[in-house]
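What follows is a short report on a single structure.
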Amino acid sequence: MGSDWAGEVAGFYARFRRGYPPEFIDLLAKSFGLGAEDVVLDVGCGTGQLTLPLASRVRGVVGMDPEPDMLAAARAAAADRGVANIAWALGGSDDVPALAAVLGERSLAALTTGNAIHLIRHEELFSAALPLLRPGGGLAVVANGTPLWRQPAPWSRALRQGLEQWLDTSLVSCCGTDAAARERYRDALIAAGFTRVHEQAFDYSADLGFDELIGGVYSAMGGSSFPSPDQRAAFEEHIRRAVGPADQFTEHVRVAALIGHAA
Ligand SMILES: C[S@@+](CC[C@H](N)C(=O)[O-])C[C@H]1O[C@@H](n2cnc3c(N)ncnc32)[C@H](O)[C@@H]1O
């Protein structure tokens with residue numbers, strides 16, 4: 001059996017999961033002084049949401065993920081857009097220590113991880129990352145907004161209620177985006193030896209149609225919770241009833257990066 005990100009989830013992720021606005025990529029590029037000679041490693045790259053826009057700012061990017069279906073969708077997205085300076089690597093955060101031997105110390109300008117830190121043993125990743133980073137470079141723990149069912153809007157609360165009824169469980173996890181988790185990552189970056197640890201964010205609003213809302217939900221429903229094709233019409237009907245007849249759902253997205261620098 002594949003991971004939570006295998007199979008159809010990867011397709012929904014590639015199609016519906018929000019990407020990162022150029023202003024946020026500017027912010028990362030400025031923080032780490034990214035330039036034409038630099039190489040970046042994106043750990044937990046998924047279908048390349050962060051990897052692809054970073055690639056236009058540097059010499060090359062390594063997009064690394066343990067799920068082959070996510071990597072296949074990322075590779076297809078890069079080919080569609082004619083992006084040729086990304087190496088897609090099947091692997092996870094546990095492979096990062098060996099990269100210091102393979103690539104050499106101080107060989108990377110930045111290590112990024114977008115919406116994946118809650119799936120990773122973060123203390124080990126941070127310790128392994130530091131020797132890989134050149135001076136002035138650093139690590140960014142990126143949170144791309146909050147889950148669709150955890151936003152401070154009536155439609156989001158209704159979505160959460162509908163999902164909890166369907167799944168018969170409480171949806172308590174914020175996937176590493178909540179303040180307490182960010183505080184833990186911040187402390188761990190400092191403990192690993194990163195300097196000037198701070199948060200930077202870019203805020204924007206986006207309107208989703210119902211299809212995008214459902215697609216976004218599917219992109220986050222891995223494993224056994226993912227409705228099978230014959231359950232899907234009933235699931236969508238159930239969510240439609242929960243959120244009501246509106247055709248536009250406005251989300252306020254805060255894209256936040258917890259940044260630590262290598263001295
Ligand atoms: C929510 S997706 C994030 C994708 C993308 N980075 C983004 O910003 O949207 C999480 C990804 O983390 C990957 N993942 C899970 N465990 C991991 C690990 N130990 N190391 C690296 N990636 C991991 C999953 O396969 C999945 O593709």
Side-chain angles (χ1 to χ4, degrees), residues 1-22 24-25 27-28 40-55 61-78 83 86-99 110-129 132 139-150 171 173-178 181 185 188 201-202 206 212 215-223 225-226 251 253-258:
M1 204 178 109
S3 75
D4 277 356
W5 308 95
E8 274 191 282
V9 177
F12 279 107
Y13 205 100
R15 187 159 164 221
F16 290 106
R17 191 53 79 99
R18 42 176 118 81
Y20 293 86
F24 178 74
I25 305 298
L27 182 156
L28 290 183
V40 172
L41 171 65
D42 186 28
V43 176
C45 65
T47 59
Q49 274 72 6
L50 188 54
T51 333
L52 284 157
L54 279 170
V61 184
V62 178
M64 178 183 266
D65 200 283
E67 175 45 60
D69 292 344
M70 293 294 264
L71 275 188
R75 194 184 289 277
V83 178
I86 302 174
W88 301 104
L90 184 66
S93 49
D94 291 349
D95 293 297
V96 172
L99 281 178
L111 187 153
T112 56
T113 181
N115 274 14
I117 198 70
H118 58 297
L119 306 168
I120 288 173
R121 286 196 288 267
H122 61 274
E123 287 103 337
E124 291 166 30
L125 176 66
F126 297 167
S127 301
L132 274 162
L139 190 149
V141 179
V142 179
N144 195 5
T146 47
L148 286 167
W149 55 89
R150 297 287 312 210
L171 295 174
S173 170
C174 289
C175 305
T177 63
D178 58 296
Y185 303 142
F202 178 74
E212 293 166 298
V217 167
Y218 284 148
S219 80
M221 288 179 91
S225 64
F226 194 80
E251 56 169 350
V253 183
R254 183 175 183 80
V255 192
L258 192 53

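As the structure lists them, so they are numbered: ligands from 1, and atoms in each ligand from 1. Start at 1 with the first residue, then count along the sequence. Bear in mind that the values here come from a model prediction, so they are computed numbers and not experimental data.
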Contact (N/O only, under 3.5 Å) between Gly44 and ligand 1: yes
Subset of ligand 1 atoms that lie under 4.0 Å from at least one heavy atom of Glu67: 25 (O)
Test item, Pro66 contacting ligand 1 (heavy atom, 4.0 angstrom): yes
Under 3.5 Å: N/O of Asp42 near N/O of ligand 1: no
Flag, side chain of Glu124 to backbone of Ser93, donor-acceptor distance under 3.5 Å: no
Heavy-atom neighbours of Arg15 CZ exceed 12 at 6.0 Å: no
For ligand 1, the portion of Leu119 having any non-hydrogen atom under 4.0 Å away: both
Nearest-neighbour protein heavy atom for atom 24 (C) of ligand 1, which is reported as residue plus atom name and distance: Trp5 CD1, 3.3 Å
For Gly92, the ligand 1 atoms whose distance to one of its heavy atoms is below 4.0 Å: 20 (N), 21 (C)
Test of proximity, Ser93 against ligand 1: N or O pairs below 3.5 Å: yes
The one among Asn115, Asp94, Val43 that brings a heavy atom closest to atom 1 (C) of ligand 1: Asn115
Heavy-atom check, side chain of Ile117 versus side chain of Val142, under 4.5 Å: no
Side chain to side chain contact (heavy atoms under 4.5 Å, CB included) between Val253 and Arg18, worked out: CA-CA 10 Å; Val253 183; Arg18 42 176 118 81; 3.9 Å; yes
Subset of ligand 1 atoms that lie under 4.0 Å from at least one heavy atom of Met70: 27 (O)
Mode of Cys45 contact toward ligand 1 - side chain, backbone, both, neither (heavy atoms, under 4.0 Å): backbone
Whether Asn115 side chain and Asn144 backbone form a donor-acceptor pair below 3.5 Å: yes
Under 4.0 Å to a heavy atom of Gly46 - the qualifying atoms of ligand 1, by number: 4 (C), 27 (O)
Stepwise side chain to side chain contact (heavy atoms under 4.5 Å, CB included) test for Leu99 and Met64: CA-CA 12 Å; Leu99 281 178; Met64 178 183 266; 4.0 Å; yes
Steps toward side chain to side chain contact (heavy atoms under 4.5 Å, CB included) verdict (Trp88, Met70): CA-CA 10 Å; Trp88 301 104; Met70 293 294 264; over 6 Å; no
Any donor-acceptor N/O pair, Asp42 side chain to Gly63 backbone, under 3.5 Å: no
Residue pair Cys45, Leu71: steps toward the side chain to side chain contact (heavy atoms under 4.5 Å, CB included) verdict: CA-CA 8 Å; Cys45 65; Leu71 275 188; 3.7 Å; yes
Sub-4.5 Å side-chain heavy-atom contact between Leu50 and Leu28: yes
Protein residue, atom and distance nearest to atom 8 (O) of ligand 1, heavy-atom basis: Tyr20 OH, 2.5 Å
Option of least heavy-atom distance to atom 25 (O) of ligand 1 (set: Leu71, Asp65, Ile120): Asp65
Within-cut-off N or O pair, Tyr13 and ligand 1, under 3.5 Å: yes
